[in-house]
Amino acid sequence: MTIDWWTLALQAINALVLVWLLSRFLFRPVVDILAKRQAAAQGIVAQAQAARAAALEEKAKAQAEAAELAANRSAAMKAASADVAAQKAALIAAAREEADKLRADAESDIARARAAGQHEVADKATDLAVDIAARLLDRLPDEARVAGFVDGLAQGVAALPDEIRAKLGADGAPLPITAARKMTDGELSQCRDALNKALAREIEIEASVDPALIAGLEIHAPHAEVRNSFRADLDQLQADLKRHDEFHA
Amino acid sequence: MNGSPLVLEPVFRLGPVPITEPVLVTWAIMALLVALSVAVTRKLSLQPSRGQAALELFVDTLNGQIRDTMQADPGPFRALIGTIFAYVLVANCSALVPGIEPPTAHLETDAALALIVLGATFYFGIRTRGTWGYLKTFAEPTWVMIPLNIVEQFTRTFSLIVRLFGNIMSGVFIVGIILSLAGLLVPIPLMALDLLTGAVQAYIFAVLSMVFIGAAVADQQPGQPAGGGQPRGKS
């Protein structure tokens, strides 16, 4: 066995040359294209990551805006609710005030109507009483309408203050006496005597007639007034009824 | 094949230099590989065709093998290891061409490749560790191992030569003998087996080259053999 050293050397040179040739024409181009593809892929990944980061940033921004909108909406809702509550309270207060006013007006109207009704009822009652009294008096003797009231009239005059009594029928002026009917001479005399006694002096009487008195006598002087008649009693009764109603209204 | 395969007769001479058949076949293989490389890499694009994808798969697999075996960046070693694998593979398969004898069936070609691997081992070892640092690796684990480590450098190179030479040369011999004894189609199964053997031997040669060079450039760790624990055995 021999070794051809020329062949060995040539094969070694051939192998080294082939290493260089394949490195130049095979491995380097392939490695370059692999590196380019890897760079492109990394670029795409970088772009994707950048896009993802941007998307995440936009998402975070959108979430912040949504939260801000929600907060604003909540605040607006609260403000609107407060406004609505205030307006509602104002409307309720106004309605209540209006209702109170209407109720007060109604109560006032009712009171007025009631008062008017009571007044009317009192008037009717008075009329009815007068009518009843008149009918009852019709059953009494006609003298009773005057003679029965003379003493009362004299007592009323006697109860007047002295200075008033001094002015009644003074200086010869006749004392005006009103009766429910025309008094007879006897009744005039009886009445004069009673008044003379009450005034402790002599006076003149000027008699007049007022059927509205129903029964009784009344003195209507410039300085004094003495009433002793059914009309006066009815007026007094009616006034008392009015005071009673007003007190209980 | 009439003469001894162990004796090379020059086909022609270039001055004092005899040009033998393995050299001629190697030139043809070189031309073929370069032409294929130029043809394939001429239209590389970012969107690969099927051929480009296959080529990229080959290079990527080669990178992965170098990275796994040598535990280093494949860049400085890719061209050497890839060229050795491609050349040995094509050379082993050249037996399919009638009248062509694989260059790897001759001792000179295998010795040239093994010597290149040995030189690369020295070169990368010194470049990585420095001259003194690389020489100190021969004294690992103790200085007593210096003679054995020196001898190992040459014995494993010799084993690299003999392994490839013996496998390919024996295949050529067997096919030649059977072809001379039997019919034309009988050696075909053996030729197919030779293809497999050639591919396996190309892979083994490339892997052992990576192991040897990787042992020279790798950091020696206590209790761990050089070459990242890769096999040193002989096939």
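Letters go in sequence order (proteins before strands), and every chain restarts at 1. Quick caveat, the model's predicted, so the values are computed rather than measured. Note: hydrogens, waters and symmetry copies are ignored here, and every other heavy atom, side chains too, is used.
- Residue Phe25(A) holds its CZ atom at 13.0 Å from CZ of Arg42(B), rounded to the nearest 0.5 Å.
- Between Ala12(A) and Ile116(B), the shortest heavy-atom contact is O-CD1, 3.6 Å.
- Both the backbone and the side chain of Leu80(B) come within contact range of chain A, each with at least one heavy atom under 4.5 Å from a heavy atom of that chain.
- For the residue pair Thr83(B) and Phe27(A), the shortest heavy atom distance occurs at OG1-CE1, 3.8 Å.
- If you measure heavy-atom distances from Leu62(B) to chain A, the contacts under 4.5 Å come from the side chain alone.
- In plain terms, the two heavy atoms of Leu22(A) and Ser37(B) that are nearest each other are CD2-OG, 3.4 Å.
- Between the CD atom in Glu56(B) and the CD1 atom in Ile33(A) there is a gap of 7.0 Å [rounded to 0.5 Å].
- Looking at Leu18(A), the atoms closer than 4.5 Å to chain B (heavy atoms on both sides) sit in the backbone and in the side chain alike.
- For Val17(A) against Met30(B), the heavy-atom pair with the smallest separation is CG1-CE, 3.7 Å.
- Annotation for Phe122(B): atom CZ counts as buried by contact number, over 12 foreign heavy atoms lying within 6.0 Å.
- The backbone N or O of Ser45(B) sits less than 3.5 Å from a side-chain atom of Arg37(A), completing a donor-acceptor pair.
- Interface residue Leu44(B): backbone and side-chain heavy atoms are both found under 4.5 Å from chain A.
- Using a 4.5 Å cut-off between heavy atoms, Val23(B) touches chain A through backbone and side chain atoms alike.
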Quiz item: Would Thr41(B) and Arg28(A) satisfy side-chain contact (heavy atoms from CB on, under 4.5 Å), going step by step from the backbone distance to the final call?
Solution: CA-CA 10 Å; Thr41(B) 59; Arg28(A) 191 178 303 169; over 6 Å; no
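- Distance alone, capped at 3.5 Å, places no donor-acceptor pair between the Thr7(A) side chain and the Thr20(B) backbone.
- Ranked by heavy-atom pairs under 4.5 Å with chain B, the first of Ile13(A), Leu10(A), Leu26(A) is Leu26(A).
- No other option in Pro103(B), Pro48(B), Ala86(B), Pro16(B) has as many heavy-atom pairs under 4.5 Å with chain A as Pro48(B).
- Of all heavy-atom pairs spanning Asp4(A) and Glu108(B), the tightest one is N-OE2, 2.8 Å.
- Heavy atoms of Leu115(B) lying under 4.5 Å from chain A belong exclusively to its side chain.
- The structure places NE2 of His106(B) at 9.5 Å from CD of Gln11(A), a figure rounded to the nearest 0.5 Å.
- Between Ala15(A) and Leu113(B), the closest heavy-atom pair is CB-CD2, 3.9 Å.
- Each of Val31(A), Leu21(A), Asn14(A) has some count of heavy-atom pairs under 4.5 Å with chain B, and the biggest count is that of Asn14(A).
- Put simply, the side chain of Thr109(B) does not reach to within 4.5 Å of the side chain of Leu8(A), judged on heavy atoms.
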